[in-house]
Visitor: 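Sharing a structure with you now.
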Amino acid sequence: MSNIVTRFPPSPTGYLHVGGARTALFNWLYARHMNGRFVLRIEDTDIKRSTQASVDAIFEALEWLGIDWDEGPFFQTKRFDVYQTYVQKLLDSGNAYYCTCSQEKIDTMRKEAMAGGGKPKYDGTCRYKGLAKTANAVIRFKAPATGTTIVKDIIKGNVVFQNSEQDDFIICRSDGTPTYNFVVVVDDITMGINTVIRGDDHLNNTPRQIMLYNALESSLPAFGHVPMVLGKDRTRLSKRHGAMSVTAYRDMGYLPDALINYLVRLGWSYGDQEFFSRDELIEKFTLENIGKSPGIFDQEKLLALNADHIKAAPPEKLSTHLLPFLSERGCLAEKGDFINSVIKTLNTRSKTLIDMAEGALFYFQEEVLYEEKAAKKFLTPASLEVLNQLIDQLKPLESFNENSLENAFKRVMETNGLKLGIIAQPVRVALTGKTVSPGIFEIIKALGKKRVISRLQNAVQLIKNRKD
RNA sequence: GGUCCCAUCGUCUAGCGGUCAGGACAUCGGCCUCUCACGCCGGUAACCCGGGUUCGAUUCCCGGUGGGAUCACCA
């Protein structure tokens, strides 16, 4: 039992993307590993950009990934009274002040600073004016102007920032709403968050937040800034790098466990191990093994890992994920022995659930749909005799098993002096309509006697019809 | 531009002063084989550069270079 409390605070301005999912994962995994708590908080203070659709999309993605939370979801827009009391605290303690400088004035100030090669900072015009609250005043934090602020980062080590780099940033907008750096700190304090794991794009924000913790006389959480995920061109991951949303991967036939495995392994390692089950991840995940350098999102490796997870998943479990893809394709499949044996014939040759669903179509067709080229090449008068003989051999068989099937084929092979290779293809086409499929014996077993005989007979009929 | 972070095969990474620099994906050969896969065997492929420290640096320190992030009344 530990008192570790982590959190994931997405802002609902779009779907959950893989980068966000990764930091969620790190926090969730760490909480689970340490037997602590994981808090979900929706950072929706930007009312203009936040949408309910995004909130729903985030929940949906987290649920699919299997990331559950112990507290929340908390919505920042419902906590304005909390922020208000903390703003007042800062005002009362002299750590914040009203500022009436116009935005235009500050913009030109920044521009001039940039032009002169300096830092674009607020110059503190209103700092000592002791202004009272007025209509359009903002509230600024009185940041220490000298000295240093050190971020003791679990991943990066000690990072030193000069306080002179910071300016008196705004904690409360002129419309009265609080800003990000402030609400994050208030939330993390009031929610008891003691471990903050987030993208290192936040590292530059951290000294500001630390100053706030200090002004509020609160103890600091442990910080861990994980390197970002980059696209193939080494820039920040975005839409143009391909599919970015978590649910897009679900729809492309990826298993949640595979995505999780890939995302965690990108930037974290456990010796040479590549494949991790969900439980193994929880068991083995620690912050110490997170790397410091940014990683590139590699679709190919994710795909390979997905194939591995498909191979490793028990058919009963896999069928849950596969069923939607089947029904999308008009197959009335349901959980049970049949689908399980179907899966067993396909799991070594499917990289995604889409592959698998496509590959499984023939099992569910009432009438085999022959590929034109395949039928033309293999369902020929020459193979008529072989198919007939096979029907004769299979009909009396009590049960279809490796042995009985092999013997049946062997007898057909021997009477015709043909190799398995020669008779397998026509049979394959007769049963599946295609030239590519799982092993011939596997298919026959999975299909079952009734379907096999009927499909073979249909093929025979087709050949006969063609002859006429 | 300022500040901050980072730097081992194409990619993800192991390495924690002495290794033939290991694994995985990708790639290229081969084997297996009823098709396609799976699987198996093998190959190509990396310590950014320059200074130190040290008997010895991929590893520690400094500098350079390169890449990334960030500089809002966004989060």
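Letters A, B, ... mirror the listed sequences (proteins, then strands); counts begin at 1. Predicted model only: the values in this text are computed from it and were never measured.
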Visitor: Please work out whether the ring planes of A:W268 and A:F285 are parallel, tilted or perpendicular, with thresholds of 30° and 60°.
Guide: tilted

Visitor: Taking B:rG66 as the reference, what is the distance to B:rA72 when you measure between their P atoms (whole Å, please)?
Guide: 25 Å

Visitor: Looking at A:D167 and A:K121, would you say the former's side chain and the latter's main chain have a donor-acceptor pair under 3.5 Å?
Guide: no

Visitor: Of the listed nucleotides (B:rA7, B:rC12, B:rU13), which one gets closest to any side-chain atom of A:E274?
Guide: B:rC12

Visitor: Of the listed nucleotides (B:rC34, B:rC36, B:rG23), which one gets closest to any side-chain atom of A:D272?
Guide: B:rG23

Visitor: Should A:R236 be listed as having a side-chain N or O under 4.0 Å from OP1 or OP2 of B:rU70?
Guide: yes

Visitor: Salt bridge check, A:E280 against A:R278: does any charged N sit closer than 4.0 Å to a carboxylate O?
Guide: no

Visitor: Where the side chain of A:N204 is defined as all heavy atoms beyond and including C-beta, which of B:rU3, B:rC34, B:rC73 is the nearest nucleotide?
Guide: B:rU3

Visitor: Between the base of B:rC12 and the side chain of A:K301, is there a donor and acceptor pair under 3.5 angstrom?
Guide: yes

Visitor: Quick one: is B:rA14 close enough that its OP1 or OP2 comes under 4.0 Å of any side-chain N or O from A:S269?
Guide: yes

Visitor: For B:rU27 versus B:rC38, give the span between their P atoms, rounded off to a whole number of Å.
Guide: 10 Å

Visitor: With respect to the side chain of A:R265, which nucleotide from B:rC73, B:rA69, B:rC12 is positioned closest?
Guide: B:rC12

Visitor: Considering only the C1' atoms, how many Å lie between B:rC40 and B:rC47, rounded to the nearest integer?
Guide: 31 Å

Visitor: Between B:rC4, B:rC73, B:rU70, which nucleotide gets closest to the side-chain atoms of A:V138?
Guide: B:rC73

Visitor: Report yes if a side-chain nitrogen or oxygen of A:K156 is closer than 4.0 Å to either non-bridging phosphate oxygen (OP1 or OP2) of B:rC5; otherwise report no.
Guide: no

Visitor: Using the P atom as the point on both nucleotides, what is the distance between B:rG10 and B:rC48, in whole Å?
Guide: 11 Å

Visitor: For residues A:Y254 and A:H309, establish whether the separation of their ring centroids is below 6.0 Å.
Guide: no

Visitor: On a whole-Å scale, what distance lies between the P atoms belonging to B:rC55 and B:rC25?
Guide: 43 Å

Visitor: Give me the distance, rounded to whole Å, that separates B:rU58 from B:rG52 when you measure between the P atoms they each carry.
Guide: 14 Å

Visitor: Provide the distance between the two P atoms, one in B:rG39 and one in B:rC61, to the nearest whole Å.
Guide: 42 Å

Visitor: Select one nucleotide: of B:rC6, B:rC36, B:rC5, the one nearest the side-chain heavy atoms of A:D200.
Guide: B:rC5

Visitor: Write out a two-atom table: protein N or O, nucleotide N or O from nucleotides 30-33 of chain B, distance below 3.5 Å.
Guide:
none

Visitor: Check this one for me: any side-chain N or O of A:T45 less than 4.0 Å away from OP1 or OP2 of B:rA75?
Guide: yes

Visitor: May I ask you to verify whether the side chain of A:R428 and the base of B:rC34 hold a donor-acceptor pair under 3.5 Å?
Guide: yes

Visitor: For residues 131-151 of chain A, tabulate all N or O donor-acceptor pairs below 3.5 Å that involve a side-chain atom, not counting sequence neighbours.
Guide:
residue: A:R140; atom: NH1; partner: A:D168; partner atom: O; Å: 2.7
residue: A:K142; atom: NZ; partner: A:G94; partner atom: O; Å: 3.3
residue: A:T149; atom: OG1; partner: A:N163; partner atom: ND2; Å: 2.5

Visitor: Tell me whether the OP1 or OP2 atom of B:rU11 has a side-chain N or O from A:R234 closer than 4.0 Å.
Guide: yes

Visitor: Between B:rU59 and B:rC4, how far apart are the C1' atoms? Round to whole Å, please.
Guide: 24 Å

Visitor: Base of B:rC73, side chain of A:S174 - is there a donor-acceptor contact under 3.5 Å?
Guide: yes

Visitor: Under 4.0 Å between a Lys/Arg side-chain N and an Asp/Glu carboxylate O for A:K292 and A:D200?
Guide: no

